[in-house]
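In what follows, every chain begins at residue 1, and chains take the letters A, B, ... in the order their sequences are listed.
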Amino acid sequence: MKTGLSAGYTPRRIKHLATLNSQQKDAVQTMEGPVLVLAGAGTGKTRVITTRIAYLLAQGVRPENILAVTFTNKAAREMRDRVGKMVGKETANAIILSTFHSFCARVLRSNADAIGIRKNFTLCDSADQSSLMKSVLRELRVPEKQVQPSAAIARISLWKNQLLTPEKALDAASDPWEEYVARAFRRYEEQLRRNRVLDFDDLLLFALRLFQENETVRKKYAKHFQWIMVDEYQDTNGPQYGILHALAKDHRNLCVVGDDDQSIYGWRGADVSKILGFEKDYPGAKVVRLETNYRSTPEILNVANALIQQNIQRHDKELKPALESGVPVMWLPLFDEMNEASYVVGDIRQSHSLGETRWKDYAILFRTQTQPRAFEAELRRLNIPYKISGTRSFFDRKEVRDLLAFMKLMENPDDEVSLLRILNVPPRGIGKTSVDKMLEKATEEGVALGRLLLEQTALTGLPEKPVKASTELLEELVALKKRGGSAGDLVGMIRGLIDLVDYRREVERCYDDPTTLDIRWNGVAEVVNFAENHARTTPKASLNTFLEALALDADDQEEEDEDERDAVTLMTLHAAKGLEFPRVYLVGFEEGLLPHARSAAEGNVEEERRLAYVGYTRAQRMLTVTWAEQRTKWGRQTKCHASRFYYETTAEPLPDGWMASGQEPPPRPAHKKKTKTGKRRATSSRASSRKRRS
DNA sequence: TGTGTCCGAGACGAA
DNA sequence: CTCGGACACA
């Protein structure tokens with residue numbers, strides 16, 4: 001192999017290569033220059049990345065010169081574990097392997113001055129965003145019910161990811177709704193800056209700006225990270241792309257791995273055109289296609305290939321089976337959602353009773369959060385253990401959010417959202433009217449309320465007692481931070497905080513029922529636990545590192561035990577990406593649900609098709625796809641019919657009178673009894689294997 | 001300050 | 001239908 005490398009790299013084989021196929025080896029051993037690895041579902045993507053890292057190390061690359069970015073903490077953790085098994089824990093820990101967001105946070109902390117932000121900036125999580133947005137909308141007198149805070153936040157995030165300023169967004173606004181949101185955008189940004197807080201998008205945007213505006217800093221990082229790898233490249237958004245380019249454009253040692261067919265986060269700003277255009281952005285890029293699938297039976301891959309071929313915007317590729325033939329894919333219309341649930345759950349129970357499978361081998365996948373209800377009821381009725389993913393409830397609990405607000409305030413007294421949350425918690429005689437007056441004054445002065453109080457400026461004309469109480473609270477928090485900070489004792493500081501504000505009293509005040517009180521107080525204890533853990537595992541633990549860890553890797557450790565539990569999995573298709581199960585039930589395969597009516601109406605059918613493809617390809621040995629002919633929607637019985645994707649997959653002709661989602665439902669039951677026929681494509685899983693409910 | 005009631009919405013959700 | 005949030009009222 002070529003060694004345009006500075007010096008000292010001698011090509012060296014590593015034992016892990018032996019078990020790879022030739023494409024995988026190719027991807028691993030192409031060290032230099034841009035590499036695009038198109039890794040279809042189940043083709044050993046993670047294996048390629050981890051082996052590639054091991055390979056680089058074996059060639060003499062130093063671990064700290066490798067940057068590997070992922071989108072989730074879970075992926076980062078998994079990758080580090082696997083690399084650790086190959087090259088040893090210590091070496092693996094020296095690699096910069098993190099999510100985009102924590103990488104950016106790290107860069108920004110070291111270069112805060114260069115871009116004019118506080119070194120100790122705090123982060124604004126989605127709950128903070130939401131309360132900030134509500135207050136912005138109120139302040140701007142946006143007619144009520146015109147703009148939902150969550151919708152505004154989502155749109156603003158998209159604008160930010162397109163590098164649009166509020167002014168440009170306002171110019172481009174095409175309807176009154178967008179105009180309102182663009183105005184809110186402007187005020188939202190002003191408030192973030194005034195509070196000296198960054199939201200998640202800002203982490204990326206400020207890092208990008210840093211690299212674009214400060215060539216010295218950019219050069220430093222670009223030189224340091226000679227070897228860059230990106231996982232799930234199909235999910236990158238504009239700023240992430242820009243950051244990668246800034247780091248990689250000099251040496252071009254950028255290896256991206258992904259699958260355009262599994263791009264399902266367009267609504268969140270992911271831009272599939274980045275993976276589609278990689279060869280154009282990096283001329284001469286080596287493209288490696290991983291097409292051998294080690295996960296699923298040929299029957300399952302046939303339906304997956306048949307469906308995804310219908311997409312226009314994609315890199316051409318096909319999954320090729322490595323496994324032996326198995327059972328046919330089953331397509332199953334059922335009467336309504338109750339029947340769907342009882343059939344699927346009954347089937348699981350029966351199959352489990354044969355004794356060859358565990359409960360955790362089964363997954364029920366669906367498009368929307370309302371669907372699992374019927375399945376849950378049925379699983380409970382039959383006493384089958386199940387787990388339902390999602391619901392990050394811990395950080396939504398009142399007591400946890402309160403404590404978080406106190407801690408953020410200690411770190412950053414300018415954080416007005418947090419201040420307003422706890423100003424009167426526990427009650428200290430600061431009513432709504434006084435808060436409004438103080439806020440008005442702060443706005444006049446152009447500073448955050450916390451700063452106004454701490455500096456004791458311009459307080460004339462404000463109600464004395466509330467001002468005094470607020471100031472005292474702030475001063476005490478600042479003093480506590482000072483003491484705890486110098487002692488370097490994070491846990492002691494948090495205990496001190498709970499004492500200082502007498503939070504126990506607050507919990508007792510709010511919940512007089514002893515059981516609820518217990519549960520609530522438990523949440524407080526849990527935060528302390530987190531802090532203990534953090535202090536133990538983090539070298540220079542401080543309040544700031546703790547807060548950042550809470551915001552950037554919020555997933556609790558309970559989740560890992562949950563993974564191991566022997567229980568049937570219920571999850572959305574989005575949550576299932578990257579996972580695999582021996583037996584998969586893809587339910588609610590209906591026009592209107594998948595493709596979702598709203599997506600279809602907005603012309604995003606290709607992404608919905610990818611979602612169905614992700615669903616199919618989760619299955620290892622058995623795939624059953626079901627839909628209902630009638631479903632309760634908004635309290636009414638609604639007629640439904642099989643998804644267009646069913647017809648696309650099986651090549652069965654559309655029945656007469658079939659209607660796409662988004663249109664009015666047909667007057668008569670949409671699909672008639674189907675008989676087997678129509679063999680236009682040879683998917684082994686089709687008509688012959690379909691069966692009907694008796 | 002807390003509780004009850006009415007209203008509206010109802011896609012996916014990491015960091 | 002069912003949940004959550006906002007608001008009104010005590």
Whole angstrom value for the distance that separates [atom2] of [N] from [atom1] of [X]:
| X | N | atom1 | atom2 | answer |
| --- | --- | --- | --- | --- |
| Leu204(A) | dA15(B) | CG | P | 13 Å |
| Leu203(A) | dA14(B) | CG | P | 16 Å |
| Phe71(A) | dG13(B) | CZ | P | 17 Å |
| Arg268(A) | dA11(B) | CZ | P | 17 Å |
| Phe200(A) | dA15(B) | CZ | P | 9 Å |
| Arg610(A) | dA11(B) | CZ | C1' | 16 Å |
| Asn237(A) | dG13(B) | CG | C1' | 15 Å |
| Asp125(A) | dA15(B) | CG | P | 13 Å |

Would you check if Met133(A) and Ile156(A) make a side-chain contact, meaning some heavy-atom pair closer than 4.5 Å?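 Met133(A) vs Ile156(A): side chains touch.
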Tell me which of Thr370(A) and Asn424(A) sits closer to the 5' end of DNA chain B, going by the nucleotide each one is nearest to.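 The residue whose closest nucleotide sits nearer the 5' end is Asn424(A).
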Check this one for me: any side-chain N or O of [X] less than 4.0 Å away from OP1 or OP2 of [N]?
| X | N | answer |
| --- | --- | --- |
| Thr572(A) | dG13(B) | yes |
| Asn604(A) | dC12(B) | no |
| Asn73(A) | dA15(B) | yes |

Give the C-alpha distance, both sets of side-chain angles, the deciding distance and a yes or no for side chain to side chain contact (heavy atoms under 4.5 Å, CB included) between Asp235(A) and Ile264(A). CA-CA 8 Å; Asp235(A) 288 340; Ile264(A) 55 174; 5.6 Å; no
Considering all heavy atoms of both residues, which atom of Ala152(A) and which atom of Trp177(A) are nearest to each other, and what is their separation?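 Looking at all heavy atoms of both residues, the shortest contact is N-CZ2, 4.5 Å.
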Pick out the pairs of N or O atoms, protein on one side and nucleotides 2-7 of chain B on the other, that lie under 3.5 Å.
unit_1	atom_1	unit_2	atom_2	d
dG2(B)	OP1	Arg509(A)	NH1	2.4

Does either side chain, that of Thr632(A) or that of Gln637(A), offer a donor lying less than 3.5 Å from an acceptor on the other one?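 On atom types as modelled, these side chains qualify, holding a pair under 3.5 Å.
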May I ask you to check whether Asn311(A) and Tyr613(A) show a side-chain donor-acceptor distance below 3.5 Å?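 No.
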The criterion is ring pair (Phe, Tyr, Trp, His ring centres under 6.0 Å); which residues satisfy it with Phe366(A), sequence neighbours excluded?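 Listed in chain order: nothing, the list is empty.
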Taking the [atom1] atom in each of [N] and [M], what is the distance between them to the nearest angstrom?
| N | M | atom1 | answer |
| --- | --- | --- | --- |
| dG5(C) | dC12(B) | P | 16 Å |
| dA6(C) | dA11(B) | C1' | 24 Å |
| dC3(C) | dA14(B) | C1' | 24 Å |

Looking only at the aromatic ring of each residue, does the gap between the centers of Phe645(A) and Tyr616(A) stay below 6.0 angstrom?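 Centroid distance Tyr616(A)-Phe645(A): not below 6.0 Å, so no.
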Under 3.5 Å, is there any donor-acceptor pair linking the side chain of [X] to the base of [N]?
| X | N | value |
| --- | --- | --- |
| Gln371(A) | dA11(B) | no |
| Ser599(A) | dA11(B) | yes |
| Trp267(A) | dC12(B) | yes |

Supply the atom-to-atom distance Lys577(A) NZ to Thr572(A) OG1, rounded to the nearest 0.5 angstrom.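 If we round to the nearest 0.5 Å, Lys577(A):NZ and Thr572(A):OG1 are 11.5 Å apart.
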Of the nucleotides [options], which has the atom closest to the [X] side chain?
| X | options | result |
| --- | --- | --- |
| Arg367(A) | dG13(B), dC12(B), dA15(B) | dC12(B) |
| Trp634(A) | dC1(C), dA9(B), dA15(B) | dC1(C) |
| His574(A) | dC1(C), dG13(B), dA15(B) | dG13(B) |

Between the protein and nucleotides 3-10 of chain C, are there any N/O to N/O pairs under 3.5 Å, and if so, what are the atom names and distances?
unit_1	atom_1	unit_2	atom_2	d
dC3(C)	OP1	Arg373(A)	NH2	3.3
dC7(C)	OP1	Glu144(A)	OE2	3.2

Flag this pair as yes if the NZ/CZ of Arg118(A) is under 6.0 angstrom from the six-membered ring centre of Phe121(A) and inside a 45 degree cone about the axis; otherwise no.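 No.
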Check this for me, if you would: do Arg367(A) and Glu590(A) make a salt bridge, where the nitrogen-to-carboxylate-oxygen distance has to be below 4.0 angstrom?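 Answer for the salt bridge query: no.
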Can you check whether His101(A) stacks with the dA15(B) base, using ring centres under 5.5 Å and planes within 30°?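 Whether judged by distance or by angle, His101(A) falls short somewhere, so it does not stack on the base of dA15(B).
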Would you say Lys465(A) has more than 12 foreign heavy atoms packed within less than 6.0 Å of its NZ?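 Not more than 12 within 6.0 Å, no.
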Remember a base hit wins even if backbone is also touched, and classify Glu602(A) as base, sugar-phosphate or nothing at under 4.0 Å, heavy atoms.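 Glu602(A): base contact, heavy atoms under 4.0 Å.
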